[in-house]
Amino acid sequence: MPLHVYNTLTRRKEEFKPLHEGRVGMYVCGPTVYGHSHIGHGKSYVSFDIIARYLRYLGYKVLYVQNITDVGHLLDDGEDRMIKQSKIDKVHPMQIAETITRSYFEDMDALGVVRPDISPRASGHIIEQIELVKELLAKGYAYEVNGSVYFDVKKFSDYGRLSGRSFDEMITGTRVETRSEKRNPQDFALWKKADPEHLMRWPSPWGEGFPGWHIECSAMSMKYLGEEFDIHGGGIDNQFPHHECEIAQSVCATGRAFARYWIHNNLVTVNGQKMSKSLGNFVTLKDAFKKFDPLVVRFFILQSHYRSTLDFSDEALQGAKMGLERLMNTIRNLRFQMTQADVKGYTTKAAIDLMRYKSEFLAAMDDDFNSPQAIAILFELSREVNALLNQDGSYSAGSLREIEALYRELGGQILGIITDSPRAVLESNGKLEADLIQLLINLRLLARSEKNWSLADRIRDELKKLGIVLEDKKDGTTWKRA
RNA sequence: GGCGCCGUACCCAAGUGGUAAGGGAGAGGUCUGCAAAACCUUUAUGCGGCGGUUCGAAUCCGCCCGGCGCCUCCA
């Protein structure tokens with residue numbers, strides 16, 4: 001079955017066909033860099049990471065662009081988020097942007113998110129944004145008032161298609177504007193005049209000002225991906241108005257279709273309520289990482305579908321931790337047995353139908369990136385592998401290597417939850433450490449052979465205090481970090 | 001008020017017409033010096049409720065109850 005993706009534009013799963021054979025252009029709305037990322041950001045960018053990874057796995061050459069919003073994202077009161085934070089911290093807004101951008105990448109790296117190919121900053125693309133606004137003015141889709149430029153929503157009949165609302169519907173819900181300089185309340189700013197005290201400002205044909213929030217995504221996506229490209233992603237909460245506005249601006253400026261597939265990920269909830277910065281019920285990734293390994297967080301996220309909400313709780317995270325542990329145990333044992341089988345020269349083929357697991361896994365991913373389903377397949381495989389490893393020598397080293405390679409391909413390359421190369425687990429903190437632990441294991445083995453249980457247990461207990469857990473197996477003793 | 005989504009076991013969570021995946025937690029067993037890990041068995045005659053369509057529905061339709069999202073900044 002070919003890859004199918006759910007397209008918000010059509011509200012259906014559609015077969016994915018890129019604009020240009022073998023290549024995919026993908027744009028995802030990135031963070032506004034005024035505060036540390038929370039679990040919700042984690043879910044969003046892990047979700048799109050999986051999408052990018054999977055497209056690449058399928059052989060597409062993916063160009064993944066994700067913006068960094070460092071200007072123009074206003075609050076209710078009309079204040080720029082960046083500037084507000086800079087006043088709180090008493091530093092220049094660009095310093096906030098720099099600090100938080102670094103923090104963002106730090107967190108994403110920890111989560112195993114492959115970095116976008118291009119991370120354009122809004123403030124670095126003021127010229128492109130001005131050009132786009134000029135184009136919209138020239139074509140009559142926008143109008144200038146008092147040094148600000150607005151998009152005339154009435155000029156674009158498709159406005160509301162993405163979010164499924166009509167012009168009239170939008171009128172009823174729109175709050176009263178403090179500035180009534182707009183022709184219609186639905187009109188949105190392309191360029192805003194800067195008040196005298198406004199810190200982030202640039203010269204423009206309409207005087208000193210700053211770009212509207214939506215225009216950056218249109219300008220930067222089209223700059224790097226072309227006027228029409230394959231995938232535009234973002235949080236479902238940005239469907240309206242942000243993405244609706246992007247479409248309006250872009251389509252009107254170029255006369256072309258802009259993004260073909262719109263992919264929206266769902267939100268993280270806490271006690272059933274949306275987790276967001278403005279509600280203040282958010283858990284930052286940095287805090288979460290203090291309690292749980294970033295990979296556990298990633299695994300937790302991938303255990304639900306990207307279009308479903310995911311309810312966050314310590315209990316749920318703990319469950320995910322145990323689950324991932326189970327998967328890692330299998331792989332650890334598999335890798336250990338690979339070395340043993342080499343030594344013992346086992347030659348029997350393992351009787352596991354790897355192709356079946358692989359095709360079931362890929363079928364799940366082909367169905368709108370169903371990672372929870374794919375993970376379930378991995379667990380089923382693990383059960384069979386564990387059973388196999390419990391049998392003495394009913395496999396060859398080569399067949400174990402095939403199994404291990406499949407884990408790396410599906411769980412590693414695609415899902416990014418299995419990270420170590422075959423031997424790295426045993427040498428993760430340096431060869432010397434591993435050798436010392438092995439030495440203690442050998443001494444303990446000696447004690448055990450003399451039935452000196454108290455000494456054997458003491459070695460194990462002392463190591464456990466240091467965070468090293470020993471497990472006695474038929475073929476020897478393995479260790480892992482607690 | 002408008003638009004939309006969701007409600008699956010103690011918890012998390014797949015499943016959009018064919019007779020309930022997976023993980024965690026719990027119970028029993030096997031293995032083991034013990035422990036850990038692993039394996040086996042077990043835990044929803046039922047998928048918010050009530051009707052309807054169908055040979056057949058968690059899945060489609062209607063109504064009701066409960067929760068959430070967007071409509072205003074948010075991934």
Side-chain angles (χ1 to χ4, degrees), chain A residues 11 13 28-32 34-35 37-48 73-79 81 160 163-166 168-175 213 233-242 264-269 271-279 282 299-300 303-305 307-313 315-327 329-330 332-333 360 364 367 370-380 382-391 448 451-453 456-457 460-461 464 469-474 477-478 480:
Chain A
R11 271 149 244 279
K13 280 184 198 171
V28 172
C29 285
T32 299
Y34 67 99
S37 301
H38 53 65
I39 304 272
H41 293 100
K43 173 169 161 71
S44 185
Y45 300 117
V46 166
S47 297
F48 288 108
H73 196 165
L74 306 184
L75 291 156
D76 277 350
D77 53 15
E79 187 166 26
R81 305 186 94 92
S163 53
R165 37 192 109 211
S166 70
D168 292 335
E169 280 166 10
M170 287 181 278
I171 260 187
T172 48
T174 308
R175 74 197 156 99
W213 174 39
I236 198 168
D237 49 348
N238 272 336
Q239 189 176 319
F240 187 89
H242 185 53
H264 289 98
N265 72 281
N266 219 313
L267 308 166
V268 173
T269 57
N271 298 322
Q273 268 215 321
K274 175 181 174 176
M275 177 189 289
S276 73
K277 287 180 178 174
S278 42
L279 286 179
F282 63 91
F299 179 74
F300 172 67
Q303 265 194 308
S304 83
H305 189 89
R307 281 195 289 114
S308 303
T309 54
L310 174 62
D311 202 55
F312 175 88
S313 68
E315 194 187 358
L317 253 299
Q318 187 59 32
K321 179 187 172 178
M322 290 296 125
L324 182 60
E325 191 75 19
R326 178 180 163 80
L327 225 40
N329 267 326
T330 301
R332 190 180 299 112
N333 291 335
E360 283 181 6
D367 183 15
N370 194 333
S371 58
Q373 188 66 50
I375 287 172
I377 309 284
L378 243 34
F379 276 110
E380 280 166 19
S382 288
R383 195 185 313 122
E384 205 175 336
V385 171
N386 286 331
L388 178 81
L389 294 176
N390 277 345
Q391 299 162 23
R448 290 178 71 208
K451 298 206 189 305
N452 188 348
W453 306 129
D457 289 350
R460 186 172 58 197
D461 292 344
K464 190 171 184 182
V469 178
L470 301 189
E471 292 176 2
D472 295 331
K473 305 283 169 55
K474 280 197 184 70
T477 300
T478 62
K480 65 178 179 183

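Owing to the predicted nature of the structure, the values given are computational and were not obtained by experimental measurement. To find a chain, count down the sequence lines: A is the first, B the second, and so on, and within it residues start at 1.
Toward the 5′ end of RNA chain B lies the nearest nucleotide of A:E380, the other residue of the pair A:H38 and A:E380 mapping further downstream. Nucleotides of RNA chain B nearest to A:L470 and A:F379 differ in position, and the one nearer the 5' end is that of A:F379.
When all heavy atoms of A:R307 and A:N266 are compared, the closest pair comes out as O-ND2, 2.9 Å. Closest heavy-atom contact between A:T330 and A:L389: O-CD1, 4.3 Å. Looking at every heavy atom in both residues, A:L310 comes nearest to A:S304 through CD1-OG, 3.6 Å.
Using a 4.0 Å heavy-atom distance criterion, A:V268 is classed as a base contact. Counting any heavy atom pair closer than 4.0 Å across all strands shown, A:S276 reaches a base atom. Among the heavy atoms of the strands lying under 4.0 Å from A:T309 are primed sugar atoms or P, OP1, OP2 only; no base atom is included. Contacts of A:D311 with the nucleic acid, taken as non-hydrogen atoms under 4.0 Å apart, involve only primed sugar atoms and P, OP1 or OP2. Note on A:L267: a base of the nucleic acid sits closer than 4.0 angstrom, heavy atoms only. In this structure, A:G40 reaches the bases: a heavy-atom distance under 4.0 Å links it to at least one base atom across the strands shown. Note on A:E471: a base of the nucleic acid sits closer than 4.0 angstrom, heavy atoms only. At the heavy-atom level, A:S47 lies nowhere under 4.0 Å from the strands shown. Nucleic acid contact class of A:R448 (heavy atoms, under 4.0 Å, all strands): base.
Of the candidate nucleotides B:G24, B:C70, B:A21, B:G24 has the atom nearest to the side chain of A:R326. Residue A:P241 has its side chain nearest to B:C71 when only B:C71, B:C34, B:A13 are considered. Here the side chain of A:F240 is nearest to one of B:C70, B:G33, B:A37, namely B:C70. Here the side chain of A:Q273 is nearest to one of B:C12, B:C68, B:A13, namely B:C68. The side chain of A:R165 approaches B:C70 more closely than any other nucleotide in the set B:C70, B:A35, B:G22. In this structure, the nucleotide among B:C70, B:G24, B:A36 sitting nearest to the side chain of A:K473 is B:A36. Of the candidates B:G33, B:C12, B:A21, B:C12 carries the atom nearest the A:F300 side chain, counting heavy atoms from C-beta on. The side chain of A:R383 approaches B:G23 more closely than any other nucleotide in the set B:G2, B:A37, B:G23. Nearest nucleotide to the side chain of A:K274, out of B:C12, B:A35, B:G69: B:G69.
When both pairing distances are held under 3.5 Å, B:U72 makes no Watson-Crick or G-U pair with any nucleotide shown. Across all strands shown, nothing is found opposite B:U45 as a Watson-Crick or G-U wobble partner with both distances under 3.5 Å. Under the Watson-Crick and G-U wobble criteria, each requiring two contacts below 3.5 Å, nucleotide B:U59 is left unpaired.
Between A:R460 and A:D457, at least one side-chain N (NZ, or NE/NH1/NH2) sits under 4.0 Å from a carboxylate O, which counts as a salt bridge.
Spacing of P atoms, B:G28 relative to B:A20, comes out at 28 Å, to the nearest Å. Spacing between B:G48 and B:G22 at atom C1', rounded to whole Å, works out to 23 Å. Going from the C1' atom of B:U19 to that of B:C55 covers 13 Å, rounded to whole Å. Atom P of B:U41 sits at a distance of 15 Å from the matching atom of B:G24, rounded to the whole Å. Straight-line distance between the C1' atoms of B:U8 and B:A21: roughly 12 Å, to the nearest whole Å. Rounded to a whole angstrom, the distance from the P atom of B:C5 to that of B:A9 is 22 Å. Separating the P atom of B:C34 from that of B:A25 is a span of 23 Å, rounded to the nearest Å. Distance noted for atom P between B:C60 and B:C68: 23 Å (whole Å).
The closest side-chain donor-acceptor pair between A:D472 and A:T477 falls under 3.5 angstrom. With 3.5 Å as the limit, one finds no donor-acceptor pair spanning the side chains of A:R326 and A:N329.
Side-chain atoms of A:S47 come within 3.5 Å of backbone N or O of A:K43 as a donor-acceptor pair.
Side-chain atoms of A:N370 and base atoms of B:G15 include no donor and acceptor less than 3.5 Å apart. The base of B:C34 sits within donor-acceptor range of the side chain of A:R460, with an N or O pair under 3.5 Å. Between the side chain of A:N390 and the base of B:C31, no donor-acceptor pair under 3.5 Å is found.
By the 5.5 Å and 30° criteria, A:W453 is stacked with the base of B:G33.
By the 30° and 60° cut-offs, the orientation of the rings of A:F300 relative to A:F312 is perpendicular.
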